[in-house]
Each structure stands twice: as C-alpha cells, then as structure tokens.
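Every value quoted in this text rests on a predicted model; they were computed, and no experiment measured them. Labels below follow one simple rule: chain letters A, B, ... track the order of the sequence lines, proteins then strands, and each chain is numbered from 1. The basis for the numbers below is simple: all heavy atoms, side chains too, and nothing from hydrogens, waters or symmetry mates.
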Number of protein chains: 2
Amino acid sequence: MLTIGTLGKKTGTKVQTIRYYEQIGLMPEPGRTEGGQRRYGHAELDRLAFIRHARQLGFSLEAIRELLDLSDDPDRPCHEADSIARRQLKQIEQRIARLEALRTELKRMVHECSGGNTSDCLVLEVLRDHSECLTDHEDIGA
Amino acid sequence: MLTIGTLGKKTGTKVQTIRYYEQIGLMPEPGRTEGGQRRYGHAELDRLAFIRHARQLGFSLEAIRELLDLSDDPDRPCHEADSIARRQLKQIEQRIARLEALRTELKRMVHECSGGNTSDCLVLEVLRDHSECLTDHEDIGA
DNA sequence: CTTTGAACCTCTAGCAGGTAGAGGGTGTAC
DNA sequence: GTACACCCTCTACCTGCTAGAGGTTCAAAG
C-alpha cells in the first residue's frame with residue numbers, strides 16, 4: 001500500500017495533482033486509513049502512470065479519459081483508440097508547422113537587429129508592420 | 001473614431017478580449033461617448049495590431065508589455081527588444097524539439113495499430129508501457 | 001509510551017489568456 | 001419613434017494544474 005507521496009514520486013506527479021485527478025474523476029477514490037489518509041495499490045499506480053505518459057505525449061485530460069474508458073473495456077474496437085491517437089498526431093503536426101513558421105519570422109527579426117536604439121529597432125518595426133503579418137486571425141493558440 | 005466592434009474586426013480580436021486587455025493595462029482606457037461607449041483612434045488600432053501580431057508570434061502578454069514599454073521610449077537601446085525576441089525564439093525552438101519527439105512516438109503508436117479490439121491495442125499498450133517512456137518527469141508543459 | 005516532525009488532510013484562491021452569458025443601456029437607420 | 005444591432009458591466013467558467021492556510025495523522029526514535 002502506497003501513500004500519495006510515494007505514488008507521486010514513482011510517477012513524477014505532484015501530490016496536489018493526484019488529488020486534482022481524483023477530484024475530476026480521472027483517478028478513482030482510493031481506500032483510506034482509519035485516520036483518513038489515502039492508500040493506493042498497483043492498479044492505481046498503473047492508471048496514474050498511464051495518465052502521465054499520455055500527458056507527456058500531449059493528450060488532453062479529456063482524450064485521456066476516453067482512452068481510459070476504452071482500456072477498461074477490452075471488447076471495444078481498437079480503432080477508437082487509434083483514431084484518438086491519430087487526432088493527437090494531427091494536432092501535434094499542426095502545432096509544429098505553426099511553430100516553424102513563427103521560428104522563421106522570429107529569426108528574421110533577430111538576425112537583422114542593428115544594435116541602435118529602439119527608435120529604429122527592427123524587432124519593434126516588424127511587430128508594428130502589418131503587411132508581412134500572417135493575417136490569419138483565427139489560430140493564435142499554442 | 002472606431003467602435004470596439006470595428007476595432008475588433010480590423011485586428012481579428014474579440015470584443016471581450018479588447019476589454020480584457022484594457023483591464024490588465026495592456027490597452028489604454030479609451031475615450032467614451034456621452035452614453036459611455038468606447039471610441040478608438042489610430043493610435044489604439046496600431047497598438048492593438050502590435051499586440052495581436054506579437055501574440056501570433058507566441059510572445060506572452062508580459063513580454064508584449066515589455067516590448068510596448070520599449071517602443072514607447074525611443075531612446076532605450078535596441079538590444080533589450082532584441083533579447084526579448086531571442087528569448088522567444090529559444091522557447092519556440094525548445095517547443096518544436098519537444099513536439100518532434102512526441103510526433104515520433106505517436107507515429108510509432110499509430111502505424112502499428114493492428115485493427116483488433118482494445119484488449120490487444122498497441123496504442124493503449126504503448127501508453128501502459130513504462131519502459132519506453134521518456135522518463136523525464138519534469139517537463140510536461142506545452 | 002511519548003514525542004517529534006515529515007507527510008498527510010480539506011478548503012480556497014491563483015496563474016495564463018482569454019471566453020460566455022445574464023441583464024440591461026445606447027446609437028442609428030428607416 | 002421604434003426596431004435592433006451593438007454596446008455596457010459583472011460574474012463565472014475553461015484547462016491543467018499549483019500554492020498556501022490551518023489543522024491532523026503516521027511512523028520511527030528515545
């Protein structure tokens with residue numbers, strides 16, 4: 001039987017985060033000692049490890065919830081899990097593409113800096129300049 | 001004189017967001033009509049365009065605040081703006097590297113999916129499997 | 001058995017960067 | 001002069017945690 005702190009150490013999760021996962025129903029309510037402290041077994045350790053691994057891969061908590069539901073029911077078809085993973089892959093590829101475009105623009109800004117003062121700073125000028133802007137107003141997110 | 005809605009359309013910003021920027025002191029308090037409605041001029045349009053462009057490049061609101069302070073004072077040295085931009089570039093490069101590692105792992109998961117049901121789903125198995133995990137517990141962030 | 005002290009408990013509030021909705025007032029065009 | 005799109009404030013919500021206050025429990029050492 002593991003305390004919450006030990007479970008946290010084993011999975012690289014803060015104690016507060018584990019309690020948070022419990023609160024939102026991602027982790028089950030564990031058994032308690034007489035005094036009311038949480039105690040965990042192997043099943044919980046595995047579940048939390050799964051969650052953390054998926055988080056490291058960038059899955060949202062909602063996607064992880066779906067994956068856990070699937071994995072709790074061994075008869076459901078695999079393609080559901082597969083399509084969640086594909087969706088995730090697509091998102092990540094979009095983010096990479098977006099960030100690469102930003103990198104290009106930032107590199108241009110930085111390399112051309114002349115070293116004077118802000119009145120003729122290219123960094124600021126590029127930001128002020130609308131004409132070279134991406135003009136894609138929709139997706140500003142990460 | 002522009003209404004807040006027009007300003008929003010011209011810059012691709014939601015009305016609520018403009019008011020939010022005002023609230024946190026990123027946009028100035030504009031003039032008002034008799035009836036209390038906000039009215040904006042060119043200076044505000046330029047400032048908001050600057051903010052949105054910087055946001056599209058991934059700068060945080062705090063970084064943007066610094067950049068705006070710099071740009072309000074034309075005598076300050078350019079290298080301050082330059083170093084903010086370089087910092088931003090470094091962050092973006094880190095994010096790209098991280099996402100590329102995730103993409104590799106996700107691709108592996110997805111390509112190997114056999115099409116059975118979840119009891120032998122590779123997606124779920126990879127997530128359950130700790131041994132191939134990145135084991136870097138620290139950086140789970142974006 | 002008692003005492004220490006680290007680890008646990010609940011609860012509330014906060015972070016970024018907004019978004020949504022309730023409930024009501026304004027501005028302008030017909 | 002009235003429709004109705006737009007504006008106003010205020011509060012609460014979103015994701016994914018994190019921090020702190022104020023108090024309790026557990027396990028080991030004496």
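The distance between atom CG of B/Leu26 and atom C1' of C/dG17, rounded to the nearest whole Å, is 11 Å. Separating the CZ atom of B/Arg52 from the P atom of C/dG17 is a distance of 12 Å, rounded to the nearest angstrom. One can place CZ of A/Arg55 at 5 Å from P of D/dG16, the figure rounded to the nearest angstrom. Atom CE of A/Met1 and atom C1' of C/dC8 are 17 Å apart (whole Å). Between B/Leu57 atom CG and C/dG17 atom P the separation is 14 Å, expressed in whole Å. What separates NZ of A/Lys14 from P of C/dC8 is a distance of 14 Å, to the nearest Å. The CG atom of B/Leu2 sits 16 Å away from the P atom of C/dG27 (whole-angstrom rounding). Counting to the nearest Å, the P atom of D/dC17 and the CE atom of A/Met27 are 13 Å from each other.
Side-chain contact annotation: B/Tyr21 with B/Arg52, donor-acceptor N/O pair under 3.5 Å present.
Contact check, A/Thr33 against D/dT25: no side-chain N or O comes under 4.0 Å of OP1 or OP2. Contact check, B/Tyr21 against C/dG17: no side-chain N or O comes under 4.0 Å of OP1 or OP2.
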- [ ] List the protein contact pattern of nucleotides 2-15 of chain D with one symbol per nucleotide (5' to 3'): B for base contact, S for sugar-phosphate-only contact, - for none; contact means a heavy-atom distance under 4.0 Å.
- [x] -----SSB------
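Residues B/Met27 and B/Ile24 fall within the same hydrophobic cluster, defined by Ile, Leu, Val, Met, Phe, Trp and Tyr side chains chained together at heavy-atom separations under 4.5 Å.
Note that CG of A/Leu127 and CG of B/Leu57 are 6.0 Å apart. Values are rounded to the nearest 0.5 Å.
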Open item on the list: Does A/Tyr40 form a side chain to side chain contact (heavy atoms under 4.5 Å, CB included) with A/Leu48? I'd like the steps, not just the answer.
Closed with: CA-CA 11 Å; A/Tyr40 296 93; A/Leu48 184 54; over 6 Å; no
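Taking a cutoff of 4.0 Å between a charged side-chain nitrogen and a carboxylate oxygen, A/Asp69 and A/Arg65 do not qualify as a salt bridge. Of the charged side-chain nitrogens involved, none lies within less than 4.0 Å of a carboxylate oxygen, so that A/Arg38 and A/Glu44 do not count as a salt-bridged pair.
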